[in-house]
Amino acid sequence: MPGHIKLIKGQVDPDPTEFLLPSIDMKRADQQKVYDSKKSVWIPCPKTGGYREGLLESGDLEDPASKCLVAVGHEKFTHKSPEVGKVNPPKFEKCEDMVNLTFLNDASVSGI
């Protein structure tokens with residue numbers, strides 16, 4: 001039961017499906033995002049404790065000692081390579097089973 005709907009005694013619980021499954025419009029909007037398999041990455045967000053999606057401008061994700069320069073909007077951030085995670089292709093956005101994901105990293109499975 002969604003928290004903002006109060007149950008009235010004697011009535012049937014409302015169907016929670018609309019809150020649990022993403023709509024087709026939400027999936028289409030996510031699939032229109034800019035995506036480059038080599039450059040799309042997640043970086044940690046110190047303000048929220050979550051992750052932000054950005055584009056890798058320089059650095060090597062395979063080398064743990066490498067520094068990576070990532071552009072998020074008009075800002076640029078420098079992170080160590082282990083802190084940067086690859087983004088899954090847009091077709092996997094809001095997928096229901098982690099088995100389907102290409103990259104299993106904290107940002108991809110935690111739900112931002």
Side-chain angles (χ1 to χ4, degrees):
M1 160 94 60
H4 67 282
I5 298 175
K6 299 214 183 244
L7 180 63
I8 298 172
K9 201 169 198 171
Q11 282 190 336
V12 179
D13 284 345
D15 183 23
T17 306
E18 67 178 290
F19 302 101
L20 300 174
L21 301 174
S23 69
I24 297 296
D25 295 332
M26 289 172 72
K27 285 186 175 185
R28 282 189 189 130
D30 286 333
Q31 290 180 356
Q32 299 301 318
K33 287 184 190 175
V34 176
Y35 176 75
D36 181 352
S37 61
K38 304 271 189 222
K39 294 185 177 186
S40 293
V41 294
W42 294 112
I43 60 170
C45 177
K47 294 177 187 172
T48 64
Y51 295 89
R52 293 186 275 190
E53 187 175 351
L55 292 174
L56 183 68
E57 292 196 346
S58 66
D60 182 17
L61 293 176
E62 305 302 323
D63 179 17
S66 175
K67 295 272 186 180
C68 298
L69 182 65
V70 179
V72 178
H74 297 291
E75 297 178 285
K76 296 188 182 197
F77 301 93
T78 303
H79 287 277
K80 294 178 183 175
S81 180
E83 296 174 348
V84 179
K86 293 182 179 180
V87 173
N88 285 295
K91 69 180 182 178
F92 296 123
E93 195 68 36
K94 296 183 179 60
C95 78
E96 297 171 6
D97 193 354
M98 287 192 314
V99 172
N100 298 329
L101 296 177
T102 305
F103 305 112
L104 284 175
N105 52 40
D106 196 32
S108 296
V109 298
S110 67
I112 306 171

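If you read the sequence from its start, that first residue is 1, and numbering goes on from there.
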**OP:** Indicate yes or no for a side-chain donor-acceptor contact from Ser66 to the backbone of Gly59 under 3.5 Å, with no hydrogens or angles considered.
**Re:** no
Original post:
Ignoring hydrogens and geometry, is there a side-chain-to-backbone donor-acceptor pair from Thr78 to Leu69 under 3.5 Å?
Top reply: no
Original post:
Should the pair Lys86-Glu62 be classified as a salt bridge under the 4.0 Å nitrogen-to-oxygen rule?
Top reply: yes
Original post:
When rounded to the nearest 0.5 angstrom, what distance separates CH2 in Trp42 from NE2 in His79?
Top reply: 13.5 Å
Which heavy atom of [X] sits nearest a heavy atom of [Y], and at what distance?
{"X": "Pro82", "Y": "Pro64", "result": "CD-O, 3.4 Å"}
{"X": "Ser81", "Y": "Leu61", "result": "OG-O, 2.9 Å"}
{"X": "Glu83", "Y": "Pro44", "result": "O-CD, 3.4 Å"}

**OP:** Decide whether Leu55 and Val84 are clustered together by the hydrophobic rule: side chain heavy atoms of Ile, Leu, Val, Met, Phe, Trp, Tyr closer than 4.5 Å, transitively.
**Re:** no
Original post:
Does Phe77 share a hydrophobic cluster with Tyr51, counting links as ILVMFWY side-chain heavy atoms below 4.5 Å and allowing steps through other members?
Top reply: no
**OP:** Would you indicate whether the side-chain heavy atoms of Lys80 and Lys67 approach each other to under 4.5 Å?
**Re:** yes
